[in-house]
Amino acid sequence: HEEVQEDNIYDLLSKFGKIKNMHLNLDKHSGLAKGYCLIEYEKFENAQKAVKFLDGREFLGEVLQGRRRFS
């Protein structure tokens with residue numbers, strides 16, 4: 001959702017483990033979210049759980065799409 005805030009994302013994703021870093025990319029002209037957020041968990045397994053559980057689920061009226069490419 002274009003009006004999502006970091007708090008909304010943190011509340012949803014912190015359930016899967018401790019978040020080490022989070023970046024919500026905003027459009028510099030409108031200030032609205034571009035439609036993706038980068039999350040880094042302290043443990044790789046927590047990222048895997050989050051992607052597996054949330055991929056395809058609805059959040060704030062939008063369907064989440066988790067990338068299955070981890071580095």
Side-chain angles (χ1 to χ4, degrees):
H1 192 274
E2 63 185 14
E3 294 181 7
V4 70
Q5 300 292 313
E6 283 189 1
D7 294 0
N8 305 120
I9 295 170
Y10 184 86
D11 290 345
L12 176 69
L13 296 175
S14 64
K15 298 172 187 173
F16 299 97
K18 188 169 182 180
I19 294 174
K20 185 176 176 180
N21 194 8
M22 177 171 60
H23 178 73
L24 176 61
N25 201 348
L26 303 176
D27 180 273
K28 61 184 169 185
H29 298 292
S30 69
L32 300 175
K34 286 188 173 183
Y36 64 93
C37 183
L38 304 173
I39 305 292
E40 180 183 4
Y41 284 95
E42 285 194 348
K43 294 185 179 180
F44 178 74
E45 297 81 19
N46 295 338
Q48 290 177 311
K49 284 191 302 186
V51 169
K52 184 176 180 179
F53 184 80
L54 294 172
D55 191 35
R57 294 189 186 256
E58 191 173 311
F59 176 65
L60 299 177
E62 303 289 335
V63 176
L64 299 174
Q65 297 178 8
R67 298 201 67 184
R68 290 184 170 75
R69 190 164 136 212
F70 298 99
S71 55

For the residue pair Leu13 and Asn46, establish whether any side-chain heavy-atom pair is separated by less than 4.5 Å.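 When only atoms from C-beta onward are counted, Asn46 and Leu13 do not touch, as no gap falls below 4.5 Å.
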A side-chain contact here means heavy atoms from C-beta on lying under 4.5 Å apart; do Glu6 and Met22 qualify? yes
Is there a path from Phe44 to Phe53 through hydrophobic residues (I, L, V, M, F, W, Y) whose side chains come within less than 4.5 Å of each other?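 The answer is no; the residues belong to distinct hydrophobic clusters.
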Honestly curious: do Ile19 and Val51 fall in one hydrophobic cluster under the side-chain, below-4.5 Å linking rule? no
What residues, two or more places apart in sequence or in another chain, satisfy side-chain contact (heavy atoms from CB on, under 4.5 Å) together with Glu2?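 Result, side-chain contact (heavy atoms from CB on, under 4.5 Å) vs Glu2: Leu32.
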Just verifying a value: how many Å separate Leu12 CG and Arg57 CZ, rounded to the nearest 0.5 Å? 10.0 Å
Which value, rounded to the nearest 0.5 Å, describes the distance between Gln48 atom CD and Lys43 atom NZ? 13.0 Å
Residue pairs fulfilling side-chain hydrogen bond (donor to acceptor under 3.5 Å, both in side chains) with at least one residue in residues 9-37, sequence neighbours excluded: Asn25-Tyr36, Asp27-Ser30
With sequence neighbours excluded, tell me which residues meet ring-ring contact (aromatic ring centres under 6.0 Å, His included) with Phe59.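 With sequence neighbours excluded, Phe59 shows a ring-ring contact (aromatic ring centres under 6.0 Å, His included) to no residue whatsoever.
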For the side chain of Asp55 and the backbone of Lys52, is there at least one donor-acceptor N/O pair under 3.5 Å apart?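 Flag not set: sc Asp55 to bb Lys52 has no pair under 3.5 Å.
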Donor-acceptor pair, Tyr41 side chain versus Phe16 backbone, under 3.5 Å?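 Between the backbone of Phe16 and the side chain of Tyr41 there is no qualifying donor-acceptor contact (under 3.5 Å).
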Restricting to non-hydrogen atoms, name the atom on Ala33 and the atom on Leu24 that form the minimum distance, rounded to 0.1 Å.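 Closest pair (atom of Ala33, atom of Leu24, distance): CB-CD1, 4.1 Å.
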Evaluate whether atom CD of Glu42 has more than 12 neighbouring non-hydrogen atoms of other residues, nucleotides or ligands under 6.0 angstrom away. yes
